[in-house]
Amino acid sequence: MKLEVESLEFSYYKHPVLKSVSFAADVGEVVGIIGQNGCGKTTLLKCINSLHSPTSGEVRLDGVPVGAMSKKDIARKVAFVTQSAGMTFPFSVFDTIMMGRYPWTDFESNTREHNADVVYRAMRDSGTLPFADRQINELSGGEMRRVMIARALAQEPEILLLDEPTLHLDISHQFDLMELINKLAKDKGITILIVTHDIVLAARYCSRIMILKDKEVYRIGETEKIMLADNLRDAFFIETDVTRDERFGINVLIVGKDRSSEKE
Amino acid sequence: MDEIKCLDDVKEYQRHKCRRNAFMISGSAVGLVAVFFVMLTVGNYDLSVGEVFGILFGSISDDTGEYVLKDVRIPRLLCAILVGAALSTSGLSMQSLFKNPMASPSVLGISSGAAFGAALAMAFGAGSVLGSFAIPGMAFLFCFITMGAVYMIARTKYGLASVTLLLAGIAMGAFFSGLVSLMQYIVRDDVLASIVYWTMGSFNNCGWTSFRLAVIPIIAGILIFLFSTRELNIVSAGEDQASNMGVNVKRLRIVIIVATSLAVGGSVAISGVIGFVGLIVPHIFRMIVGPNHAVLMPICVFGGGIFMVVMDTVAKSAFDIILPVGVLTSLIGAPFFIYIMRARKKELWG
């Protein structure tokens, strides 16, 4: 599914958070969104998912404005894994993931067999099968994150928005998750937008990178052309050394902080 | 059940949960029927279970017994079941909608608002103009106003603050309690007695008229709750999460507020303010069956009925005087709730 964001602006109580953001993402792309705290990364995802109504501008899914779509229509196309799970009551992991089937309630495919199949695949892919019967309040932060991703996969989305997906995950599960994300993009053609502070993982796994700075799109393009020392210095005030590791066919970032270049 | 490893395990897990849920729902329904017939025997006029069945099915001729059963105990117990079910399901729905385990009709001031509406109708003789629907109508109206006001105060443009919600509820409850007190101060003695009775909560005056008055709004409210269980499951994770999964949160909010107003308004109209039921019953059953509303909501219907019938029977029979049931639910409910919270807080909230 093609995602288009055009001249998007958003303000919280007259305080501008996003200014004239425009970009497009094609089927099967993994776009990493990076930038300093407060630059509007999460707000951008919320505007794409119609959780926030933009002050001006438009978000389109295959040419259709999200503002003209019902909540269920959007949820069948876009799934959003937020930073916090927000679960107050002790649901089981299975019941929590099954909630992802809600947008398909009115469809013929909403059979118990089909739902079981989709939920099983979501649990298998996210590695949540071993604790399917546990209560979510008993899970670690990393396990909870995988449950939230499984619930998003149960929505069978064409666009997946992930806000800090590797937060709370150990290094092994971080790699597993990013591998899964790339697999979903490649095999199922899911368009994936990842907001992350982990620029090393972003450089390694994202096909394109968007840098947000001062509430605007500072740079966007193919990862190799964006993850450059100059761009990262301007965005984060850090020094990086970007090298190509041919063994894994990936870019490797070595990151340091040069405080003399930091703005007052 | 063992660890889930394959698709067949998932299907078996689903079947296992369905069987378990069906067993618990039907068990609680059977329990309510059993408690209903047992409680029909309790009162000043002694009747055994056999005599109750005999009188009801015409095999025993006992005019006094027939009057006691058909005109006193049955309508009173039916009213208690309706009110118990209404308050329990309303409390559960509010806890989920507001993502707050402390929400209930009494905590959020809704019962006080309804009591003020009913008191207003009594004080100004609205019954003579609007007939028997004046008191429930005003109770419903003020339920709706209170709940809407609490929600509007607590909500900001970007979300709902849980603490603000409780504080808003406490403030609105205090405001309406103050208004009820003011009315008690200025009205005639006969109206004063009615209002005081209303604020304590009791089924002493509940007969078939009360039942007919409350049955439609309460059943309507409960049916709405029962048809909203999937949405309530999801919204209990927060409004943003629910919206992400396709729930129309704005519509759900209005639907639940209207349903709560119907159920609580109907309850307060016939029994006055009975506190703690909407808080305690959902918590008790959530600890037993888990938070899934598909099973928890119907169990709150039957379990709330059982709870209220038992409380009412104890209130009218266990002491030398007939206690208002609202006094008993508060006296027993509050310490019981504190005990549950302290003893099982890990199971509750981790």
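Just so we're on the same page: letters track the sequence lines, and every chain starts at 1. Predicted, not measured: the structure shown is a model, and the values here were computed from it. Just the heavy atoms: all of them, side chains too, but no hydrogens, waters or symmetry mates, feed the values below.
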* Under 4.5 Å from a heavy atom of chain B, the part of A:Ala79 involved -> neither
* Give the C-alpha distance, both sets of side-chain angles, the deciding distance and a yes or no for side-chain contact (heavy atoms from CB on, under 4.5 Å) between B:Cys18 and A:Arg112. => CA-CA 11 Å; B:Cys18 279; A:Arg112 185 185 290 182; 3.3 Å; yes
* **Contacting moiety of A:Ser92, where chain B heavy atoms sit under 4.5 Å** => side chain
* From OG (B:Ser243) to CD1 (A:Ile74), nearest 0.5 Å -> 7.5 Å
* **Top contributor to chain B interface from A:Ala152, A:Gly100, A:Pro103 [non-hydrogen pairs under 4.5 Å]** => A:Pro103
* Asked: Taking NZ, NE, NH1 and NH2 as the nitrogens, is one of them in A:Asp117 or B:Lys11 under 4.0 Å from a carboxylate oxygen of the other?
  -> no
* Just how far is it from atom CZ of B:Arg230 to atom CZ of A:Arg101, taken to the nearest 0.5 Å? -> 9.0 Å
* Calculate, to the nearest 0.5 Å, the distance between atoms CD and OG1 belonging to B:Glu231 and A:Thr105 respectively. => 7.0 Å
* Kindly compute the distance separating CZ (A:Phe80) from CD (B:Gln241), expressed to the nearest 0.5 Å. => 8.5 Å
* **Structural part of A:Arg151 lying under 4.5 Å from a heavy atom of chain B** => side chain
* Flag the one option from B:Asn244, B:Asn233, B:Val247 with the top tally of heavy-atom pairs under 4.5 Å to chain A. => B:Asn244
* Asked: Can you pull out the residues in residues 40-49 of chain A with any heavy atom less than 4.5 Å from chain B?
  -> A:Lys46, A:Asn49
* From A:Met98 atom CE to B:Ile234 atom CD1, the distance as rounded to the nearest 0.5 Å -> 11.5 Å
* Structure fact -> Among residues 289-306 of chain B, those lying within the under-4.5 Å heavy-atom range of chain A are B:Pro291, B:Asn292, B:His293
* Asked: So what's closer than 4.5 Å to chain B heavy atoms on A:Val81: side chain, backbone, both or neither?
  -> neither
* From CA spacing to verdict: side-chain contact (heavy atoms from CB on, under 4.5 Å), A:Lys72, B:Asn248 -> CA-CA 8 Å; A:Lys72 272 190 182 172; B:Asn248 187 333; over 6 Å; no
